[in-house]
Novice: 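Below you will find the structure I want to go over with you.
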Amino acid sequence: MSKLVKDAEQQLRSSVISAVSKAIAAGDLPAMPLCEFNIEVPADRTNGDFSANAAMASARSFKLAPRKIAEAIYNNIFLGDTYFERCEVAGPGFLNFFLSDEYYANILKDIRSLGDDYGKSNFGKGKRVMIEFVSANPTGPMHMGNARGGALGDCLASVMDYAGFDVSREFYINDAGNQIDKFALSLDVRYLQHFLGEDAVELPEDSYHGEDITTRANEFAEIYGDKFVNADESERRKALVDFALPKNIENMQSTMLKYRIEYDKWFNESLLHNNGELAETLELMKERGLTYESDGALWYKSTEHGGEKDEVLVRANGNPTYFAADIAYHRNKLSVRGFDKSIDIWGADHHGHVSRMKGVLDAIGIDGSRLDVVLMQLVRLTRGGEVVRMSKRTGKAITLVDLLEEIPIDAARFIFNMREAGSQMEFDLDLAVEQSSQNPVYYCQYAHARICSIVKKLKAGGIEPRECSIEELKLLNTPEERELILHLSSLTDEIISAAKNYDPAKITRYVIELATLFHKFYNACRVSVEDEPLMQARLYLCICVRDTIKNVLSMLKITAPESM
RNA sequence: GCGCCCGUAGCUCAGCAGGAUAGAGCGUUCGCCUCCUAAGCGAAAGGCCACGCGUUCGAAUCGCGUCGGGCGUGCCA
């Protein structure tokens with residue numbers, strides 16, 4: 001496990017350093033300080049399990065050829081109390097180290113004893129982190145961007161949880177402001193059209209044209225009839241919104257649940273309007289001299305805080321902008337509720353907003369670096385190689401609901417996490433439903449099912465898995481077994497790296513690689529063999545792999561079937 | 001115009017706190033089940049890592065520039 005890997009690396013580093021001291025004492029090297037050097041895992045394992053570039057890094061300082069320095073280190077190195085059994089000088093001056101059987105055997109012991117906790121660490125030290133994602137407008141159906149954002153945000157949250165952060169998942173509901181007015185207007189027009197005919201009232205170009213609006217208006221009409229047709233416009237619109245908005249929000253909640261996303265909190269923007277926090281935030285900004293009035297609107301002096309141009313906070317008509325509410329919201333997260341960090345998942349088209357937001361937080365006295373934004377590129381949907389167009393306006397776009405009806409949740413969650421957020425991705429609908437090797441989620445699940453099947457088969461033959469001794473586990477020494485064990489050992493580091501980079505795609509890649517290495521092992525080594533200790537050792541390894549696959553998949557909330 | 005992201009095999013993408021012969025999947029070609037799940041494995045073919053210059057022992061990785069693509073630049077969110 002990772003602790004072991006770290007130990008191994010640390011052991012190596014100090015061995016190299018003391019070898020240099022010894023070499024200097026013996027006169028093999030000049031008495032110069034050793035430069036900083038790296039220890040890394042070579043891409044090609046014939047170059048060892050770990051490799052140090054100390055000789056090359058210090059070539060200049062020692063004024064000696066790297067190769068000569070490497071040999072001096074080699075001649076003075078002592079590996080007796082490490083997990084390494086040997087070392088060699090290679091290439092331009094690399095020192096390559098090879099792990100002992102002992103090491104491999106111990107990794108497996110550790111994995112088994114940690115059980116479900118394997119992979120977890122205290123990297124995050126319990127820091128309170130909020131991950132805000134999807135936060136779709138409740139005025140219409142959720143789209144493909146929300147689909148990717150949902151899988152990304154939720155899996156990132158799990159990864160950070162494993163890495164030792166205190167994680168909270170949140171959905172920000174934009175249930176106030178401009179788009180709600182637009183929503184009201186759109187519903188209003190559809191409602192009136194329902195009774196007066198389509199030509200009676202015209203739907204403005206910049207309102208919501210989706211069928212979902214018509215559907216809601218018709219539902220409303222069925223319940224309340226035409227009694228609002230001649231009512232006061234604002235009364236009618238309020239009634240329509242009060243009817244339609246909760247329905248939309250409920251739909252989003254049930255869709256998210258179907259997508260296996262459970263939020264800790266659904267936060268209403270309207271709360272900030274109603275509880276005074278928005279006004280308070282604006283007041284605070286005024287006090288700090290961050291604002292001015294012009295053309296009847298209240299402006300934020302963005303240009304004085306790293307922004308490209310000033311921004312409107314309160315429109316001339318008295319309505320606060322989305323930006324103003326968002327400032328109050330982030331102040332609520334970081335200051336009122338005291339999260340150490342807010343990680344927001346945004347569509348890449350909002351990137352212009354990032355520096356603005358961080359800048360304004362700094363300006364109101366909240367360290368802007370406590371906000372991190374993960375920008376997510378758009379998804380290109382394809383079907384059989386053909387790009388499937390999606391246009392929210394026409395109402396014919398493929399929605400998140402459509403997607404989840406068409407493809408398995410496992411596949412959606414997995415595939416959306418195969419690419420890092422920043423890269424544009426293609427999502428092949430045909431591939432996602434395909435139950436074949438081409439579909440990576442099945443490939444991983446298949447490895448799990450295969451192991452379950454082996455265990456079951458052995459059990460049927462009267463063979464129960466048992467505890468193995470270190471000596472027995474040392475029998476796992478084929479290249480395929482070694483590679484597999486080594487990869488198992490890197491899980492914790494991989495999760496930490498994914499948390500650090502806000503990139504859960506590292507974990508899907510990890511599990512694909514694990515499945516690949518297992519399938520290779522499966523083809524190279526038979527578990528059910530005559531040699532009882534070897535069979536038990538292999539069975540032990542299989543169970544480690546099975547549990548790790550299951551552990552990782554369940555972290556991503558993807559199922560691990562026992563048979564396929 | 002200015003700002004951000006991106007350019008790696010035919011296609012989709014890894015690799016990018018600089019390291020040894022640049023990887024994987026798909027597609028193509030050829031192999032492997034009397035044996036634990038062939039939803040698997042192996043092999044072959046496929047590359048001026050967009051281009052140029054620089055930094056250094058060493059660059060796909062870092063810097064500058066060019067070209068090509070995406071996005072942003074609303075009293076929209």
Side-chain angles (χ1 to χ4, degrees), chain A residues 38 40 42-44 46-48 51 53 56-57 59-60 65-66 90-94 96 135-137 139 174 177-179 182 206 269 294-299 308-326 346-355 375 377-378 380 382 385 418-428 431 434-447 449-458 460-461 463 480 500 505-506 509 512-513 515-516 518-529 535 538-539 542 563-564:
Chain A
N38 293 326
E40 57 188 27
D44 182 352
T46 58
N47 290 324
S51 174
N53 66 348
M56 286 131 85
R60 178 177 276 187
F94 285 104
N96 295 338
S135 298
N137 264 329
T139 50
N174 302 122
N178 234 21
Q179 75 283 355
K182 208 197 285 186
D206 71 334
E269 177 187 341
S294 174
D295 299 329
L298 182 71
W299 294 74
E308 282 175 40
K309 48 183 227 9
D310 291 347
E311 304 286 335
V312 171
L313 293 168
V314 182
R315 300 184 183 89
N317 67 11
N319 289 337
T321 58
Y322 172 84
F323 181 51
D326 217 16
W346 293 356
D349 53 341
H350 289 64
H351 68 76
H353 197 54
V354 178
S355 57
L375 293 172
Q377 292 289 340
L378 299 181
R380 204 168 54 240
T382 61
M418 282 179 60
R419 307 277 172 252
E420 60 185 83
S423 66
Q424 278 181 260
M425 76 173 290
E426 190 171 291
F427 191 109
D428 192 317
L431 176 61
E434 197 173 321
Q435 303 204 0
S436 76
S437 58
Q438 297 179 27
N439 188 336
V441 69
Y442 287 106
Y443 182 80
C444 297
Q445 291 174 327
Y446 180 57
R450 241 183 176 179
I451 299 172
C452 292
S453 169
I454 293 171
V455 173
K456 213 160 88 187
K457 199 120 191 170
L458 288 176
I463 297 160
E480 288 81 8
K500 227 188 274 185
K506 287 186 189 300
R509 276 184 236 119
I512 292 172
E513 178 68 10
T516 302
F518 173 75
H519 289 311
K520 286 180 195 235
F521 157 80
Y522 179 88
N523 276 274
C525 310
R526 219 184 135 72
V527 178
S528 175
V529 289
M535 177 188 68
R538 285 184 173 161
L539 192 50
C542 283
S563 68
M564 292 173 73

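Order of the sequence lines fixes the chain letters, A, B, ..., with proteins taken first and strands second; residue numbering starts at 1 for each chain. The analysis underlying the following values was restricted to heavy atoms, covering all of them including side chains, and did not include hydrogens, waters or symmetry mates.
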Novice: In Watson-Crick or G-U wobble terms, both distances under 3.5 Å, what is the partner of B:A43?
Specialist: B:U29
Novice: Is A:Asn53 touching bases, backbone alone, or none of the nucleic acid, heavy atoms closer than 4.0 Å?
Specialist: base
Novice: Taking only the side-chain nitrogens and oxygens of A:Asn174, find out if one of them lies under 4.0 Å from OP1 or OP2 of B:A77.
Specialist: no
Novice: With sugar-phosphate meaning primed atoms plus P, OP1 and OP2, does A:Lys309 contact a base, only sugar-phosphate, or nothing at under 4.0 Å between heavy atoms?
Specialist: sugar-phosphate
Novice: Could you check whether A:His351 gets within reach of a base, just the sugar-phosphate, or nothing at all, counting any heavy atom under 4.0 Å?
Specialist: base
Novice: Of all heavy-atom pairs between A:Ala505 and A:Glu420, which one has the smallest distance, and what is that distance?
Specialist: CB-N, 3.9 Å
Novice: Assign A:Tyr522 to base, sugar-phosphate, or nothing according to its heavy-atom contacts below 4.0 angstrom with the strands shown.
Specialist: base
Novice: Below 3.5 Å between N/O atoms, which protein atoms pair up with nucleotides 7-14 of chain B? Just atom names and distances, please.
Specialist:
{"from": "B:U12", "atom 1": "O2'", "to": "A:Arg419", "atom 2": "NH2", "distance (Å)": "3.3"}
{"from": "B:C13", "atom 1": "OP1", "to": "A:Gln424", "atom 2": "O", "distance (Å)": "2.7"}
{"from": "B:C13", "atom 1": "OP1", "to": "A:Glu426", "atom 2": "N", "distance (Å)": "3.4"}
{"from": "B:C13", "atom 1": "O2'", "to": "A:Arg419", "atom 2": "NH1", "distance (Å)": "2.8"}
{"from": "B:A14", "atom 1": "OP1", "to": "A:Ser423", "atom 2": "OG", "distance (Å)": "3.2"}

Novice: Would you call A:Tyr443 stacked on B:A39, i.e. ring centres under 5.5 Å apart with the planes less than 30° off parallel?
Specialist: no
Novice: With syn defined as a glycosidic torsion within 90 degrees of 0 and anti otherwise, which applies to B:A17?
Specialist: syn
Novice: Hey, does the side chain of A:Ser453 come within less than 4.0 Å of B:U37's phosphate (OP1/OP2), counting only N and O?
Specialist: yes
Novice: Quick check, are the ring centers of A:Phe518 and A:Phe521 under 6.0 angstrom apart?
Specialist: yes
Novice: Just call it for A:Asp310: base, sugar-phosphate, or nothing, with non-hydrogen atoms closer than 4.0 Å on any strand.
Specialist: nothing
Novice: With both distances kept under 3.5 Å, what pairs with B:C51, Watson-Crick or G-U wobble?
Specialist: B:G65
Novice: A:Thr516 side chain to A:Ile512 main-chain N or O, any donor-acceptor pair under 3.5 Å?
Specialist: yes
Novice: Give a yes/no answer on whether the side chain of A:Lys520 brings an N or O atom under 4.0 Å of OP1 or OP2 in B:G40.
Specialist: no
Novice: Would a distance-only check, ignoring hydrogens and angles, find a side-chain to backbone donor-acceptor pair under 3.5 Å from A:Asn317 to A:Asn319?
Specialist: yes
Novice: Under 4.0 angstrom, heavy atoms only, what part of the nucleic acid is A:Ser51 near: base, sugar-phosphate, or nothing?
Specialist: base
Novice: Once you measure the plane-to-plane angle for A:His353 and A:Tyr322, does it fall in the parallel (<30°), tilted (30-60°) or perpendicular (>60°) bin?
Specialist: tilted
Novice: Between the main-chain N or O of A:Asn174 and the side-chain N or O of A:Gln179, is there a donor-acceptor pair closer than 3.5 Å?
Specialist: yes
Novice: Going by purine N1 to pyrimidine N3 plus the second Watson-Crick contact, or the G-U wobble pair, all under 3.5 Å, which nucleotide sits opposite B:U37?
Specialist: none
Novice: Return the CZ to CG distance between A:Arg315 and A:Asn178, rounded to the nearest 0.5 Å.
Specialist: 4.0 Å
Novice: Using a 4.0 Å heavy-atom cut-off across all strands, classify A:Asn47 as base, sugar-phosphate, or nothing.
Specialist: base
Novice: Report the base-pairing partner of B:C4 (Watson-Crick or G-U wobble, both distances below 3.5 angstrom), or none.
Specialist: B:G70
Novice: Under 4.0 Å, heavy atoms only, any strand: does A:Asp295 hit a base, just the sugar-phosphate, or nothing?
Specialist: base
Novice: Using the C1' atoms only, state how far B:C71 lies from B:C75, rounded to an integer number of Å.
Specialist: 23 Å
Novice: Any side-chain N or O of A:Arg538 below 4.0 angstrom from OP1/OP2 of B:C36?
Specialist: no
Novice: Looking only at side-chain atoms of A:Lys457, point me to the closest of B:A77, B:A39, B:U37.
Specialist: B:U37
Novice: Select base, sugar-phosphate, or nothing to describe what A:Cys452 touches, counting heavy atoms under 4.0 Å on all strands.
Specialist: nothing
Novice: Pick base, sugar-phosphate or nothing for A:Gln377, based on heavy-atom distances below 4.0 Å to the nucleic acid.
Specialist: sugar-phosphate
